[in-house]
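Just the heavy atoms: all of them, side chains too, but no hydrogens, waters or symmetry mates, feed the values below.
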Amino acid sequence: VQLQASGGGLVQAGGSLKLSCVVSGVTFSSSWLGWFRQAPGKEREFVAAVSGSGGIKYYEDSVKGRFTISRDNAKNTMSLQMNRLIPEDTAVYYCARRGSATTNPIATRSASDYVDWGQGTLVTVSS
């Protein structure tokens, strides 16, 4: 299984970026997918997740209303549209695939529930 994240970059506060993740080597539509991020000196944290069908989505509280997770099962891709970015969003963003299909919102937010990870893409938001 391979996950390839892209789309990071430098943006001013208030701006937007769209991250993408291409997944290969697995039955794409059966897998929950998620985005995590890790800021310098901090632990990796959950950002958003989407079910295999795209019908269930979870977000970390600080990104609700600003970020939108989506997936295209025909193209084996997942995206994270990030709007109204703030400096606190600066981090390396990772896409990941869950090893479980449960809808448990606690498990979905746990990095330990994800079995495959992409290499990360850096997002830097300047003030």
Side-chain angles (χ1 to χ4, degrees):
V1 179
Q2 288 190 326
L3 293 89
Q4 182 72 37
S6 62
L10 173 63
V11 64
Q12 287 189 332
S16 299
L17 278 176
K18 185 174 184 178
L19 306 184
S20 295
C21 179
V22 178
V23 183
S24 60
V26 71
T27 304
F28 185 79
S29 61
S30 67
S31 300
W32 275 81
L33 299 172
W35 288 98
F36 287 76
R37 65 186 180 186
Q38 187 165 18
K42 295 188 177 182
E43 294 187 353
R44 190 171 298 189
E45 66 172 359
F46 171 79
V47 176
V50 60
S51 65
S53 67
I56 302 173
K57 300 177 183 180
Y58 295 121
Y59 294 94
E60 195 267 331
D61 286 346
S62 70
V63 308
K64 282 181 183 176
R66 300 189 298 122
F67 291 11
T68 302
I69 190 170
S70 62
R71 64 189 294 161
D72 185 337
N73 286 350
K75 297 182 179 180
N76 283 22
T77 59
M78 172 181 64
S79 298
L80 185 69
Q81 177 66 47
M82 306 185 294
N83 298 327
R84 304 200 309 275
L85 285 159
I86 60 178
E88 290 75 16
D89 294 321
T90 295
V92 176
Y93 284 70
Y94 299 89
C95 58
R97 186 183 74 88
R98 278 186 74 199
S100 170
T102 68
T103 58
N104 185 307
I106 296 176
T108 306
R109 289 169 166 81
S110 172
S112 63
D113 217 49
Y114 291 75
V115 295
D116 298 304
W117 293 82
Q119 85 289 2
T121 185
L122 176 62
V123 172
T124 303
V125 183
S126 63
S127 58

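- At a threshold of 4.5 Å between non-hydrogen side-chain atoms, the residues Met78 and Val23 do not count as touching.
- With a 4.5 Å cut-off on side-chain heavy atoms, Phe67 and Glu60 do not count as touching.
- Checked by atom type and distance alone, the side chain of Arg71 pairs as donor or acceptor with a backbone atom of Phe28 at under 3.5 Å.
- Under the 4.5 Å side-chain heavy-atom criterion for ILVMFWY residues, a single connected hydrophobic cluster contains both Val1 and Leu33.
- Of all heavy-atom pairs between Ser100 and Asp113, the closest is CB-OD2, 3.8 Å.
- Transitive grouping of hydrophobic side chains (ILVMFWY, heavy atoms separated by less than 4.5 Å) keeps Val92 and Ile69 in distinct clusters.
- The OG1 atom of Thr102 sits 8.0 Å away from atom CH2 of Trp32, with the distance rounded to the nearest 0.5 Å.
- In this structure, Gln38 contributes its side chain and Ala91 its backbone to no donor-acceptor pair below 3.5 Å.
- One finds the CZ atom of Arg98 at 10.0 Å from the OG atom of Ser51 (value rounded to the nearest 0.5 Å).
- To the nearest 0.5 Å, atoms CD (Gln2) and CD (Gln119) are separated by 10.0 Å.
- Residues Phe36 and Tyr114 bring their aromatic ring centres within 6.0 Å.
- A distance of 9.5 Å separates OG1 in Thr108 from CD1 in Ile106, rounded to the nearest 0.5 Å.
- Contact check for Val26 versus Ser31: side-chain heavy atoms found under the 4.5 Å cut-off.
- The line from CG of Asp72 to OG1 of Thr77 is 4.5 Å long, rounded to the nearest 0.5 Å.
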Working for side chain to side chain donor-acceptor pair (under 3.5 Å), residues Ser62 and Arg66: CA-CA 8 Å; Ser62 70; Arg66 300 189 298 122; 4.8 Å; no
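- Remark: the backbone N or O of Val125 is paired with a side-chain donor or acceptor of Thr90 at under 3.5 angstrom.
- Here the OG atom belonging to Ser20 is positioned 11.0 Å from the CD atom belonging to Gln4, to the nearest 0.5 angstrom.
- A continuous path of hydrophobic side-chain contacts links Val47 to Tyr59 [ILVMFWY only; heavy atoms under 4.5 Å].
- In the hydrophobic clustering of this structure, Leu80 does not group with Tyr58; members are Ile, Leu, Val, Met, Phe, Trp, Tyr whose side-chain heavy atoms approach within less than 4.5 Å, directly or through other members.
- At least one side-chain heavy atom of Arg37 sits less than 4.5 Å from a side-chain heavy atom of Asp89.
- Residues Trp117 and Tyr93 are members of separate hydrophobic clusters, defined by side-chain heavy-atom contacts under 4.5 angstrom among Ile, Leu, Val, Met, Phe, Trp and Tyr.
- Considering only heavy atoms from C-beta on, Tyr94 stays 4.5 Å or farther from Leu3 through its side chain.
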